Structure formats: structure tokens, C-alpha cells
2 protein chains.
Amino acid sequence: MLDPVSRVRRFNRAVTSAVGALDTSFLGRGRPLGAARVLNAIGHGRSDVAEIRDYLGLDSGLMSRLLRSLEDEGLVETEAHQDDARRRVATLTRAGKREFAAYEALSNAQAEGLLTQHSQRDALLAAMDLIASALTRERVALDEMDPRCEEARYCLGEYYAELGRRFSQGFDVSLSRDPDAKDMRRPRGSFIVAMSDTLPIGCVGLKGTDHGYAEIKRLWVAPAARGLRLGRRLMDVAESAARELGITLLRLDTNSALAEAGQLYRSTGWREIPRFNDDPYPDLFFEKRL
Amino acid sequence: MLDPVSRVRRFNRAVTSAVGALDTSFLGRGRPLGAARVLNAIGHGRSDVAEIRDYLGLDSGLMSRLLRSLEDEGLVETEAHQDDARRRVATLTRAGKREFAAYEALSNAQAEGLLTQHSQRDALLAAMDLIASALTRERVALDEMDPRCEEARYCLGEYYAELGRRFSQGFDVSLSRDPDAKDMRRPRGSFIVAMSDTLPIGCVGLKGTDHGYAEIKRLWVAPAARGLRLGRRLMDVAESAARELGITLLRLDTNSALAEAGQLYRSTGWREIPRFNDDPYPDLFFEKRL
DNA sequence: CCATATATCTGACTAAAGTCAGATATCATG
DNA sequence: CATGATATCTGACTTTAGTCAGATATATGG
């Protein structure tokens, strides 16, 4: 009853019935689930028929028929792909958009219902983030992004907030040597964001120069995604990017209050070196030759 | 992308595919899901056919046919109910028990797989407990139990552990006035455990006397179940039990470090009174007339 | 242009799930 | 013991999902 496996299975049961309830509410719109899923996939921006088929794991015959039924309802239109007339592209009609909005409203209502009945929203959301990250760990995408895009700024905001909590003296970005966004974009450097589905859960910056030297900055993993070895994966990608850019020497600074980070660096070939800058926050310095 | 509703929906998507994977592994045993569900319901102790039908939400015709197919496979036997020959009672044959064990093994393997790929098991389990409690809040059962049963002892153990964490001087049960189990059982008192599915998530003791006076002891709500107003519900049940037992005066002691508890008492008609015992831990004392 | 590969569609099929209207046996009650 | 209620079963049916073998149209590389 109280062993870990039982607890996981209790969670499974609880969640299965909640998920089933959402499916049932979808059926309330008078359309089989298969067709509703295709409609929603299109609504969420998947227009290529092959892509939808792949995403939903459908047989081509079944997919074709489901699309036809949505067309008969006047919710979807298909046309040949611009570059390849064998492929088809599906779009929602005006009525289709309304219907999609109705499904969205159902999903949102279910999500809100879950949240409003709980007086500790933040704890509940944190728990959901943690579990979603654990369940989708295989599908985390490490994408190079502009350090000024929304996802990157979200990560940096969370990173600064965490430093504020973990440094006894707090953390003020303006006192730190904030890297110029230009230095963390090709061709000088890089900025990598780890995305789990639609949620950014980690980042790392490679702040380059034009003479084969770069620094690793802003390595952050969301609390919900810790324990998944994401820090290591981010560092691997950053190092690959550095190699691609012809960088031969990498350095980074960190603080001994961030114990996990120090451990990660030490176990992945970084060597501790003396202080190489006068930033007030770091007290540990590392270097790695590529 | 980062608003609460999106985070809940990301969680839903992650969990839906995990749940689907378990269903698929169940299909691997060569039996449609409907029949597998019935077999598992029986294995988990639901023998009454009507009860299974209700639990799985099946039509009586469908249920009948699924049972028949399990009988044909030699996994299940049915017989008339002892007290009411219209009802049928299903039991697993020896082969049925083996087959059920195989399904259990699949479920356990899935649960273990989830745990072992995560290096922060405890955090993951705590998150699962929290979410399972939130999702099943409507189905929490507040049952009167013997204070020495497994569930009660689990609650008390967690309660003591939490006091140890929250009191700056720690907590040692032997220094506290540990109520005799006899005083928390009918006819003198009562002990109530909140069960969410198979997991105890809260408790409260009513330590009675034989002269219309009782004390509330050991009010505890699992961290995972906080925010669901369970403390209030436990207190309501304890008060009802007290009324049934003819108790007219209730008292309790608590510690100001347990702020939520103090707030709960104040908002539900309890009145602060001077110290009425010499237990070293409490520093706040309340009374309520019924 | 030809051969081959690819994307979708169509027709013919099966399996699973679910619905519904009785039939049958048993129970509770006056 | 007659009556109506209840639990299950049976037969006849529908819907949904999924499979599979071609048919059709288009793309690609020689």
C-alpha cells in the first residue's frame, strides 16, 4: 500500500480516470474521438496530412476517411501541397475554427477546474511540471534559439530568480557581467533551450569571441526537470556547438553554492583554474580544452 | 505556453501517452482491453458482478458477454450470490490468478520503469501523491479505524516525523503525553483516517473519557493532500463522533509553529484558553463546547 | 521518357465496444 | 401466492477503430 510502486499505481489510476473524463467531454460534441483528434491536431497547427498521420499514429486509409468526414461536416478543407502535389495540406474552415475553439474551451475548462479546486496552485503546478518532464524525458528537444526569444527569456528569468534564492547575498543581474545577446548567437556563439513539449525546461549559453575562445554561461535546469541528466545533455550540445564554431578553449565561472553544477563540471572533463574575471558572484572557475 | 492552464494541459498530454502505453502492454496478453479490465477488477477483489459493472461503467449485456468470454478461457468462475440468487459472484480460477498476476507484473514493471529512470525518486513520488490526492479529492473516504491498524500507524509515524522537522527542538514521542489507543476507540473515543484510494492521507484522534469530555489529538494531513480542506473535514467528522458519544466539551493543544492548524481551529469555533496540561511541546490551547 | 518510389485514396474486410429490447430467474412485499 | 422490482442473460443491431490490398496521381533520378 505504501511502497513506491503502489504509489505510482495509485497515481496512474487517479490520472486515468481524469483523462477518461476529458475524452468523454470531447464525445459530447457529437463526433467520434478519432475525428476530434484530427480536428484538434489541425487546429494546433499540424497541417500536413502525413505529419498528422504520424503524430496520431493512424493508418493512411483511416486518416483519409477521418479527413473526409471532417470535410463533409464542412470543418476542414484540403488542398495539394505547394511543392509536392502528392501531399495534402489540411486547413480549418471558419466553422472548423469555431469547433476547434469549442474543444479548446473544454480542455481549458478541465484544466482550470483542476486548478481552482486546489488552494495550493503553485505546488500542484510544480508537481505537474515535474511529472510531465519525467514522462516526456525521451522527447526533450534541445534547440538552438535566439537568446532574446520568449523561451530563452523565460529560462533566464527563472535562472536569475533561482540565483537570488540560492545566494545568501541575493543576485542582481546588473552587477554581473551580463553577456551581450550578440555573443550568444551564430556565428560567434550559441544559445540552447531544452523544450519539453511546449515548456522550456533548461538552457545554456555559449558566449563566443572571434579567436577560438568561448565561455559557458547561464546553465539552468528547471527544478521540475532535475534528475533527468538534462544539465549534462545541455553541456554536450553546447560543446558540440563550440567545436563547430572552431572554439578550442572553453571557460566558465560558477558559485560553490551551486553544488550540482560543480559536480557536473568536474565529472565531465573540466579542470578547476584560478579566477579569470572580477564578477562578484562566482567563486569557482573551470576550463576545458576541446 | 507558460500560463497555468497550458502547464496543466502539457501534464495531460504527457500522462495520456503514458497511460496509453500501459493499455498497449495489456493488449500484449492477447485479450481485448474490456476483458482484461474485468479480469483485473476481479483480481483486485471486486467479486460482485453488479459492482464490477458499476465500477467499469459497463452495460449489463456487455458485462455478461465479457464474463462469458473469461469463463470460456477458464480464467473465471461465477456462482450465485449466497443471499440473493439473482446476483452473481465471480472468482478467479487458478489459471485466472496466474493471468491476473501477469497483468500485475506488467503494471508493476511500468511503475518501476518510471521510477528507475529518475534520479530523484522521492520528489517524483511526492509529486505523484500530490496530484493523485488532488484528482481524487471527491473520493476521499474518512473512515473510523483502530488507532493501532497499519493505516493509522503510518499516519502517526508521518505525523511524528513532521513534528520533528517543524519543532526547532525536535520531537520525541516518549516525552509527549501519548494517548492510550483504548481512549481513541469506541466507546470512549474514536480515530479517523482519511483514505485516498489505497493511501492514508490524514488522520485525527478523539481521545475520550467517560464523563462527557474529550481531547482532539494527532490531527495530521499528508503534505500531498494539503490545500484540499481535508483538515476541516477530519475535524468535522471527529466532532460528529464526539457528539454521538455524548461529549459536550472538547479541548486540544497545539504548537504555534503549526500555523495552519491554529488558523483552522480559530476559524471553526474554537476558543483559545490557558494551558491545561504540562506536555512540553504545545504552547497553544483551545476549547470548544458542543 | 521510363522505372521506381511516395502520398493519398478507395473498397472490402475484421474486431471491439457499446446499445437496446425482451427473456428468465429470483427477490421482497402485501 | 400474485405482483412488481431487480440482476443477469441473449439476440440483434450499430458505431468506431483499425487492417490490408490494390488504384491513382505525382515526384525523382537516370
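Scope of the values below: all heavy atoms of this structure, side chains included, with no hydrogens, waters or symmetry mates. If you're wondering where the values come from, they're calculated on a predicted model, not measured in any experiment. Proteins get letters first, then strands, A, B, ... in listed order; numbering begins at 1 in each.
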How long is the line joining [atom1] of [X] and [atom2] of [N], in whole Å?
{"X": "B:Glu79", "N": "C:dT26", "atom1": "CD", "atom2": "P", "value": "15 Å"}
{"X": "A:Leu33", "N": "D:dG18", "atom1": "CG", "atom2": "P", "value": "10 Å"}
{"X": "A:His81", "N": "D:dA27", "atom1": "NE2", "atom2": "P", "value": "11 Å"}
{"X": "B:Asp59", "N": "D:dA7", "atom1": "CG", "atom2": "P", "value": "14 Å"}
{"X": "A:Arg31", "N": "D:dA17", "atom1": "CZ", "atom2": "C1'", "value": "17 Å"}
{"X": "A:Arg29", "N": "D:dT16", "atom1": "CZ", "atom2": "P", "value": "16 Å"}
{"X": "B:Leu27", "N": "C:dA15", "atom1": "CG", "atom2": "P", "value": "15 Å"}
{"X": "A:Arg88", "N": "D:dT26", "atom1": "CZ", "atom2": "P", "value": "10 Å"}

State whether [X] and [Y] are salt-bridged, where the test is any N-O pair (Lys NZ or Arg NE/NH1/NH2 against Asp/Glu carboxylate O) under 4.0 Å.
{"X": "B:Glu51", "Y": "B:Arg87", "value": "no"}
{"X": "B:Glu71", "Y": "B:Arg68", "value": "yes"}
{"X": "A:Asp146", "Y": "A:Arg185", "value": "yes"}

Using only heavy-atom distances, decide whether a donor-acceptor pair under 3.5 angstrom links the side-chain of B:Arg65 to the base of C:dG18. no
Is any side-chain N or O of B:Arg86 under 3.5 Å from a base N or O of D:dT6, one able to act as donor and the other as acceptor? yes
Of the candidate nucleotides D:dC20, D:dC9, C:dT8, which contains the atom at the shortest distance from the side chain of B:Ser64? D:dC9
Does C:dT8 have its OP1 or OP2 closer than 4.0 Å to a side-chain nitrogen or oxygen of A:Arg53? yes
Of B:Gly61 and A:Ala85, the one whose closest DNA chain D nucleotide lies more 5': B:Gly61
Please figure out whether A:Pro32 or B:Arg87 has its closest DNA chain D nucleotide nearer the 5' end. B:Arg87
May I ask you to decide if the ring planes of B:Tyr103 and B:Phe26 are parallel, tilted or perpendicular, using 30° and 60° as cut-offs? tilted
Check whether any side-chain N or O of B:Asn40 sits under 3.5 Å from a backbone N or O of B:Ala36 as a donor-acceptor pair, and report yes or no. yes
Given DNA chain C, 5'-ward residue of the pair A:Leu62 and A:Asp84, judged by closest heavy atom: A:Asp84
